[in-house]
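Working notes, structure below.
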Amino acid sequence: MTTDAQILSALRAAENSGVSGAELSLKLGISRAAIWARIEELRKLGYEIEASPHLGYRLTNDPDVLHADDLVARLGKTQIIGRDIRVFQETTSTNDVVEKLARDGVKEGVVVFAESQTRGRGRLGRKWISPAGKGLWFSILLRPELRPQEATQLTVAAATALWRAIHAETGLHAEIKWPNDILFRGKKVAGILTEMNAELDRVKYLILGVGVDVNQAANEFPPEVRKLATSLRAELGRPLLRAELATAILRELDRDYARVCGGHFAELADEWEERCTTIGQPVTISIGERQIRGHAESLDDDGALLVRTEHGHLERIIGGDVTVEK
Ligand code: BTN
């Protein structure tokens, strides 16, 4: 952990009782003057840190910023996801940044956040609007030992992890639309873009890109998406601290990634099916020019959607756009 991460971690652990400069200095092995200098830098980032002769330093308010050291301090120890966290103020797409890291041989588990993306992308070539400071836009590098056709398992796992973290942080019950959309009352609040580099029988690396609309007011969405999109703030009626939500998501993702890698996808699939509003519904799937109409029956062992078509065949759907017909 960096010095800032250790300071924030110690301040949070001390809560209201505060921690003295001397204690921090001893714990971190640096001078009190160096501690003071770091505290000043953290204040500049917006952390409200009070200093008093009796209580020492106390963290009294967190800014709604994404700061790599803070994310590391909040997350604590994970198995794989989040052992390296990087934050950009602006980038084209966090998936692009992670792609480059993957090619450079960086270890799996690295997470790249951006406060804003200039060319954020969604599934099926769509644009993903990523305004500064309003949401969570991040990508994770994974190197799972899976066959390419099993990669849907990770998208399903990610949707389940997102559902759980959102529920834990807000108390709200979202819906999952196959394979990866998180919705409230039919409006999308989060999506996942999985991109991979694979050989015929082996995934070389996989990039899990996650976008969550967190703190937009309903009228901040462009008019053309207002009917289709919502934010957690709009659903909850109050803003959220993004760093807290981000670390809750990473913790759940880390757990679910271990489950998929350990061959326990079936457990996750059950949980996913419980939350998924696509199962049991009449659906139309658009795959390029092709459209399949039918009834969504269940999830296959590898995460594919099993659809009974209008002609009575059972089709395995591994991609495309699903519309639930009302
Ligand atoms: C979708 O539902 O279509 C997927 C949306 C994924 C958006 C995220 S934001 C972070 C990462 N970078 C991108 O360019 N896209 C993903």
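Atoms within a ligand are numbered from 1 in the order they appear, just like the ligands themselves.
- The closest approach between any non-hydrogen atom of Q117 and ligand 1 is below 4.0 Å.
- Every atom of ligand 1 with a heavy atom of G122 under 4.0 Å away is listed here by number and element: 1 (C), 3 (O), 4 (C), 5 (C).
- Under the 3.5 Å distance criterion, the side-chain polar atoms of S139 are matched with a main-chain donor or acceptor of N95.
- Close approach of ligand 1 to G211 (heavy-atom distance below 4.0 Å) involves ligand atoms 7 (C), 8 (C), 9 (S).
- Here V210 has backbone heavy atoms under 4.0 Å from ligand 1, and that is the only part of it that gets that close.
- For ligand 1, the atoms sitting less than 4.0 Å from at least one non-hydrogen atom of R121 are 6 (C), 7 (C), 13 (C), 14 (O), 15 (N), 16 (C), numbered in the order shown with element in parentheses.
- No hydrogens or angles considered: a donor-acceptor pair under 3.5 Å links the side chains of Y257 and E108.
- For the pair K188 and ligand 1, the shortest N or O to N or O distance falls below 3.5 Å.
- Between H313 and H311, the ring planes lie tilted relative to each other; the angle falls in the 30° to 60° range.
- Contact annotation for R126 and ligand 1: no heavy atom of the residue comes within less than 4.0 Å of the ligand.
- Classified by interplanar angle (parallel below 30°, tilted 30° to 60°, perpendicular above 60°), the ring pair Y47/H67 is tilted.
- The side-chain contact (heavy atoms from CB on, under 4.5 Å) test with Y57 singles out one residue from I7, L24, L42, and that residue is L24.
- Counting the atoms of ligand 1 from 1 in the order shown, those under 4.0 Å from a heavy atom of S139 are 11 (C).
- Near G120, meaning under 4.0 Å from one of its heavy atoms, ligand 1 places the atoms 14 (O).
- Within the 3.5 Å criterion, the main-chain N or O of Q79 finds a donor-acceptor partner in the side chain of D254.
- With a 4.0 Å heavy-atom cut-off, ligand 1 is reached by the side chain of D181 but not by its N, CA, C or O.
- With D181 as reference, K188 is the one residue of R275, K187, K188 to meet the salt bridge (charged side-chain N to carboxylate O under 4.0 Å, His left out) rule.
- Listed by atom number, the atoms of ligand 1 under 4.0 Å from R123 heavy atoms are 1 (C), 3 (O), 4 (C).
- For the residue pair T155 and T194, a side-chain donor N or O sits within less than 3.5 Å of a side-chain acceptor on the partner.
- A side-chain donor-acceptor contact under 3.5 Å links S25 to the backbone of I30.
- An N or O contact shorter than 3.5 Å is missing between W128 and ligand 1 by distance.
- Taking a cut-off of under 4.0 Å to the non-hydrogen atoms of T94, the atoms of ligand 1 that pass are 10 (C), 11 (C), 12 (N).
- Close N/O approach between N180 and ligand 1 is not found [any backbone or side-chain N/O within under 3.5 Å].
- Numbered from 1 in the order shown, with element, the atoms of ligand 1 that lie under 4.0 Å from a heavy atom of G191 read 2 (O), 4 (C), 5 (C), 6 (C).
- Considering every non-hydrogen atom in both L141 and Y205, the closest pair reads CD1-CB, 3.9 Å.
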